[in-house]
Structures are given as C-alpha cells and as structure tokens.
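Scope of the values below: all heavy atoms of this structure, side chains included, with no hydrogens, waters or symmetry mates. Because the structure is predicted, anything quoted here is derived from the model rather than measured.
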Amino acid sequence: MDDCIIVGAGPAGLTAAIYLARFHLSIRLFDSGNSRAAMIPCTRNHAGYPDGISGKELLALMLAQAEKYGAVRELAEVSALRTIDGGFGVRVGEREFGARSVLLATGVVNHRPDMPAELHDEALARGLLRYCPICDAYEVTDRRIGVIGTDEHGAREALFLRGYSPDVTLIAPDGAHEIDEEYSEKLEVAAIRRVDGPSGGYAIEGDRITLDTAQGRLAFDTVYPALGSRIRSRLAVAAGARAAGDGCLEVDAHQRTSIPGLFAAGDVVKGLDQISHAMGEGGVAATTIRNMLDEQRPIRR
C-alpha cells in the first residue's frame with residue numbers, strides 16, 4: 001500500500017509529488033494527460049520566469065523534479081475511488097491500488113466556444129483565443145477584445161478586461177443577453193459594447209479572429225470565452241465528499257476534504273485558478289499528509 005496516491009499531474013499535483021517524495025514517502029501519481037496548464041502557450045505571470053514559459057515546459061520540469069526524488073508517475077485515468085480498511089482503493093482500468101491517503105488535484109475543464117479543435121488550438125497558440133484574463137490580459141493592453149458570454153459571469157469578465165483596454169465587446173453565445181440591471185449599468189458606465197448572439201463561424205483572418213453575431217461579422221485581436229467550466233470532482237463526490245453547488249470540493253485550511261485521509265488541491269477546490277495558488281495548495285496538502293501519516297505510524301528512516 002502506497003503512502004499517498006495523487007490523482008492529477010498539474011501544478012498542484014506535481015508540487016505535492018515533489019514534497020511527498022522528498023519526505024521519503026512512497027507515492028504514486030496518476031496523470032490523465034489533459035492538465036489545463038498544458039494549454040498555456042506562454043505564461044509571463046508565473047514568478048521566476050521573466051521571459052515566460054509554456055505550460056507544457058513547466059509541467060515537464062516539475063515532473064522531472066518529482067521523479068528525481070522517487071515519485072512514480074503513470075499515464076492513466078482513475079475511474080473510481082473508495083474507502084477501504086487502512087485507507088483508499090483507487091481504481092485504474094481493471095486494477096486497484098491501495099493508499100493510506102489520496103490527494104485529488106484533478107482541476108477543471110473550460111467550456112469552449114463551438115469551433116473545430118484544430119482552429120481552437122491554432123487560435124490559442126497565437127494568442128487570438130485566451131481563457132485567463134488574470135494571467136494574460138496584460139498582453140492585450142489597448143487591443144480590441146471580445147468576450148463570449150452573458151449574465152453576471154460574462155459581465156464581470158468584460159469589466160475586468162476593461163481595465164486593460166478601452167475596446168471591449170461582450171457577445172452573447174446563443175441569443176439575446178441576459179444581464180440584470182446592476183451589471184447593465186456597470187457595462188454602460190464602462191462603455192463596454194454589448195452584442196447579441198448567436199455567435200459562431202469562427203475563423204482566423206490575418207492577425208485577427210473573426211466570428212458571426214446578430215450584428216454581423218466582427219473581428220478582434222483576441223477573444224476570451226467566459227462560458228464557465230466543469231469541475232472534475234466526480235471521484236470525490238461519488239466517494240461521499242462534500243462539494244459546493246458549483247462542484248468545487250469543500251476543504252479546510254489544510255486541504256482536507258470531509259473524508260478523513262482524502263485531500264484536494266488546485267482548481268478542483270474553489271480558489272483563484274492560478275498556477276501559483278495551486279502550487280501553494282499542493283504544498284500545504286503534502287505537508288499535512290506527511291504529518292497525518294506520521295501520527296498514524298511514525299515515519300522513521
């Protein structure tokens with residue numbers, strides 16, 4: 001039985017793997033291969049990389065560091081989690097692995113605009129499509145920005161981006177906008193243009209991304225989808241862990257879920273959805289796991 005199984009190999013899971021391996025604990029890391037961080041073409045918001053670093057390169061460096069200290073990583077998707085005598089059973093295909101503790105760092109999946117995968121990936125790589133204004137809005141300062149979304153979520157993202165550019169347009173994804181009076185007034189004061197949907201027909205034309213709307217075809221330097229996301233909390237919820245209404249797992253200040261021995265860190269927990277924040281939670285969770293296991297059975301070399 002392993003001391004800890006980590007599910008998810010994004011910034012939170014890999015940080016925890018580094019810590020736990022350096023605590024001389026036996027750990028196993030399951031990586032489904034679709035960390036959201038891997039989608040980042042270049043982040044210039046992560047401390048220590050003034051010239052930026054791609055998400056894939058950052059994850060590769062973190063994995064190499066974890067493996068250097070003995071972490072075992074397997075490319076596989078965990079299908080089920082259950083409590084067993086002395087810990088947890090983690091199901092992977094036809095196999096089940098035992099662990100004294102489990103850390104879920106499964107993250108979230110962004111809802112994407114309706115466009116072909118090849119076009120999506122090219123637009124993302126070229127900075128024509130972006131998902132995190134906190135991370136990269138600086139790069140589109142004073143550019144023409146489109147936001148795909150409506151209601152409070154879309155309005156708030158458009159208002160945030162207005163701090164970077166005077167040219168922001170909020171486009172409804174389906175039909176007419178559904179925005180309450182409070183946010184309608186805020187959008188008006190900020191001089192943010194509102195355009196009804198349906199929106200679609202995305203294309204890259206020169207150095208811009210274009211799309212159809214109810215007011216005709218529009219072109220932007222970059223587009224931010226504000227369509228929400230799906231929280232990957234199914235494993236924990238099925239095992240009985242508490243989650244908020246949006247699916248985010250409920251944890252205490254030490255990343256402990258409502259099930260003893262089950263921890264969660266990163267975007268699967270309500271937070272800032274930032275690499276640095278996820279890494280911090282991974283470190284907190286790993287240290288708590290180490291201390292918990294030591295209390296159960298003192299760790300001695």
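Both L235 and I231 sit in one connected hydrophobic cluster of ILVMFWY residues. Membership requires side-chain heavy atoms under 4.5 Å apart, directly or through other members. Hydrophobic clustering, with ILVMFWY side chains joined whenever heavy atoms are under 4.5 angstrom apart, keeps L104 apart from I275. Linking ILVMFWY side-chain heavy atoms closer than 4.5 Å, directly or via other members, places Y202 and Y224 in two distinct hydrophobic clusters.
Once rounded to the nearest 0.5 Å, the distance linking OH of Y69 with CD1 of I27 reads 13.0 Å. Once rounded to the nearest 0.5 Å, the distance linking CG of L103 with SG of C4 reads 5.5 Å. The CZ atom of R44 sits 12.5 Å away from the SG atom of C135 when rounded to the nearest 0.5 Å. Annotation: the span from L25 atom CG to L293 atom CG amounts to 6.0 Å, rounded to 0.5 Å. Between atom CZ of residue F263 and atom CE of residue M292 there is a gap of 4.5 Å, rounded to the nearest 0.5 Å. In this structure, OG1 on T150 lies 8.0 Å from CG on D196, to the nearest 0.5 angstrom.
Of the possible donor and acceptor atoms, none in the side chain of T257 sits under 3.5 Å from a partner among the backbone N and O of A241. Judged by distance alone, with hydrogens and angles left aside, the side-chain atoms of S258 form a donor-acceptor pair with the main-chain N or O of R242 at under 3.5 Å. With hydrogens and angles disregarded, a donor-acceptor distance shorter than 3.5 Å links the side chain of D252 to the backbone of Q255. D31 contributes a side-chain N or O that, together with a main-chain N or O of G33, makes up a donor-acceptor pair within less than 3.5 Å.
Residue I259 comes nearest to G240 through the heavy atom pair CD1-C, 3.8 Å, listed as atom of the first residue, atom of the second, then distance.
Contact check on D221 versus R208 returns a salt bridge, with a Lys/Arg side-chain nitrogen under 4.0 Å from an Asp/Glu carboxylate oxygen. Ion pair D207/R126 flagged as a salt bridge, since at least one NZ, NE, NH1 or NH2 atom sits closer than 4.0 Å to an Asp/Glu carboxylate oxygen.
Side-chain atoms of R234 and T106 include no donor-acceptor pair closer than 3.5 Å. Side-chain contact check for D3 and S26: at least one donor-acceptor pair (N or O, by modelled atom type) lies under 3.5 Å. Side-chain contact annotation: R217 with T210, donor-acceptor N/O pair under 3.5 Å present.
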Exercise. In sequence, state the C-alpha distance, the side-chain angles, and the governing distance for V237 and L249, and then conclude on side-chain contact (heavy atoms from CB on, under 4.5 Å).
Key: CA-CA 8 Å; V237 172; L249 293 177; 4.2 Å; yes
Quiz item: Can R230 and V108 be said to form a side-chain contact (heavy atoms from CB on, under 4.5 Å), step by step?
Solution: CA-CA 6 Å; R230 174 176 61 84; V108 307; over 6 Å; no
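Residues F97 and F88 place their aromatic rings such that the two centres sit no closer than 6.0 Å.
Shown here are the side chain to side chain contact (heavy atoms under 4.5 Å, CB included) partners of Q215, two or more places apart in sequence or in another chain: R193, V195, T213. Taking H120 as the reference, Y131 meet the ring-ring contact (aromatic ring centres under 6.0 Å, His included) condition, with sequence neighbours excluded. Judged as a ring-ring contact (aromatic ring centres under 6.0 Å, His included), and not counting sequence neighbours, Y138 has no contacts.
For the salt bridge (charged side-chain N to carboxylate O under 4.0 Å, His left out) with D167, the lone residue among R144, R162, R143 that qualifies is R144.
Ring geometry for Y49 versus H46: interplanar angle under 30°, hence parallel rather than tilted (30 to 60°).
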